[in-house]
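First up is the structure itself, then whatever we jot down about it.
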There are 2 protein chains.
Amino acid sequence: MQQTDPALPVADVFNADCPSRMILSHVSSRWGGLVLVALRDGRLRFSELRRRIGGISERMLAQTLQVLEADGLISRRDHGEVPPRVDYCLTEAGEAIAIRYFELAHWIEANLSRLGTQPALSGD
Amino acid sequence: MQQTDPALPVADVFNADCPSRMILSHVSSRWGGLVLVALRDGRLRFSELRRRIGGISERMLAQTLQVLEADGLISRRDHGEVPPRVDYCLTEAGEAIAIRYFELAHWIEANLSRLGTQPALSGD
DNA sequence: CTGAACACTTACCAAAATGTAGGTACTTCC
DNA sequence: GGAAGTACCTACATTTTGGTAAGTGTTCAG
């Protein structure tokens with residue numbers, strides 16, 4: 001299935017210089033993963049994303065979308081209309097990553113009470 | 001299995017104020033996920049982690065270990081010896097998160113060639 | 001005619017993250 | 001006795017990140 005090009009060194013996130021680190025940092029940046037997960041619901045417009053992702057600013061959303069697009073994780077479609085109409089969706093790679101990030105996020109949501117964030121769960 | 005406390009609002013990472021966002025940000029911080037993944041190999045000492053995770057500084061490793069411990073994702077064991085001997089391992093919750101973060105990171109490693117890894121994207 | 005929505009961009013500034021260098025108190029190795 | 005290793009901590013400086021507010025040009029609703 002997946003051939004490893006012998007000319008390329010094996011990707012390794014533990015290696016500071018490996019390009020995988022860069023992608024990983026974009027995905028797990030403050031907004032990157034949330035944008036990806038939001039797009040799992042399907043194609044969304046800029047302002048829809050903005051409303052959906054609590055706390056994100058226009059500036060950050062625009063920037064995040066650009067980075068993710070450059071990484072090949074989402075694709076941007078401009079309908080060339082006026083007023084502007086642009087929407088975004090996941091690429092195949094984006095979907096693969098989004099689902100994994102979602103599983104991470106979702107586990108956290110579902111198990112929040114076991115984590116050290118709560119007011120006080122009396123115990124050891 | 002999992003009881004949802006009806007008194008608590010449902011966790012939602014899209015909500016800026018949801019505590020899950022904080023955990024998620026720790027896990028997907030620059031070093032958090034890598035520390036968790038590194039510990040999947042078993043109990044490791046501070047200096048072992050430092051050597052394993054390329055590019056991390058002592059300061060950042062120490063800080064990251066503290067927040068992960070506070071979140072209940074890793075546990076610290078001090079052998080009380082001199083010279084110091086301290087080691088870390090994943091808690092159950094830590095394992096659950098580590099495996100999910102690993103799957104994300106590993107997919108990226110394995111599929112790097114499909115991604116737009118072009119280094120620079122002069123922005124801002 | 002005013003204001004809002006759209007999808008952004010830019011300048012400016014504050015805050016957060018991170019690196020560097022030094023220190024600690026001790027031990028083992030050469 | 002000097003160097004290196006252990007697991008940190010602290011102060012300081014820098015780099016990166018992110019928010020705010022303003023602007024763009026057009027269209028539509030009131």
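These numbers were taken from a predicted model, which means no experiment stands behind them. Just so we're on the same page: letters track the sequence lines, and every chain starts at 1.
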| query | Reckon Glu58(B) touches a base, only the sugar-phosphate, or nothing at all at heavy-atom distances under 4.0 Å? | reply | base

| said: Looking only at the side chain of Pro83(A) (C-beta and beyond, no hydrogens), which of the listed nucleotides dT6(D), dG19(C), dC6(C) gets closest? | reply: dC6(C)

| Mapping Ser29(B) and Ser47(A) to their closest nucleotides on DNA chain C, which lands nearer the 5' end? | Ser47(A)

| note | Exactly one of Val86(A), Leu65(A), Asp87(A) clears side chain to side chain contact (heavy atoms under 4.5 Å, CB included) with Phe46(A), and that residue is Leu65(A)

| field | Rounded distance in Å - CH2 (Trp31(A)) to C1' (dG18(D)) | value | 9 Å

| message | Could you tell me how far apart Ile56(A) (CD1) and dT20(D) (P) are, to the nearest whole angstrom? | response | 12 Å

| message | Whole angstroms only, please: what is the CZ-C1' distance between Arg43(A) and dA7(C)? | response | 16 Å

| task | Write down the distance between CZ (Arg50(B)) and P (dT6(D)), rounded to a whole number of angstrom. | result | 11 Å

| request: Assign Glu48(A) to base, sugar-phosphate, or nothing according to its heavy-atom contacts below 4.0 angstrom with the strands shown. | output: nothing

| said: Is there a side-chain contact between Gln63(A) and the phosphate of dT17(D), meaning an N or O under 4.0 Å from OP1 or OP2? | reply: no

| task | With the side chain of Val82(A) defined as its heavy atoms from C-beta on, choose the nearest nucleotide among dT27(D), dC26(C), dG19(D). | result | dT27(D)

| remark: Looking only at dC6(C), dT10(D), dC26(C), the nucleotide nearest the Arg59(B) side chain is dT10(D)

| query | Nearest nucleotide by nearest heavy atom, which residue falls closer to the 5' end of DNA chain C, Ala62(A) or Pro84(A)? | reply | Pro84(A)

| said: With a 4.5 Å cut-off on side-chain heavy atoms, are Trp31(A) and Leu61(A) touching? | reply: no

| query | In whole angstrom, what separates Leu44(A)'s CG from dC6(C)'s P? | reply | 13 Å

| Quick one: Leu49(A) CG to dA5(C) C1', roughly how many Å, whole number? | 16 Å

| Reckon Arg76(B) touches a base, only the sugar-phosphate, or nothing at all at heavy-atom distances under 4.0 Å? | sugar-phosphate

| query | Between Thr64(B) and Leu34(B), is any pair of side-chain heavy atoms under 4.5 Å apart? | reply | no

| message | Could you tell me if the side chain of Leu73(A) sits less than 4.5 Å from the side chain of His26(A), heavy atoms only? | response | no

| request: Nearest whole angstrom, please: distance from the C1' of dA25(C) to the CD of Glu81(B). | output: 15 Å

| Greater than 12 external heavy atoms within 6.0 Å of Glu48(B)'s CD | yes

| query | How is Arg51(A) classified with respect to the nucleic acid when contacts are heavy atoms under 4.0 Å: base, sugar-phosphate, or nothing? | reply | sugar-phosphate

| dA17(C) phosphate, OP1 or OP2: any side-chain N/O from Arg30(B) under 4.0 angstrom? | no

| said: Closest approach to the side chain of Val86(A), judged atom by atom: which nucleotide of dA7(D), dA7(C), dT9(C) is it? | reply: dA7(C)

| task | To the nearest Å, give me how far apart CG (Leu61(A)) and C1' (dT10(C)) are. | result | 17 Å

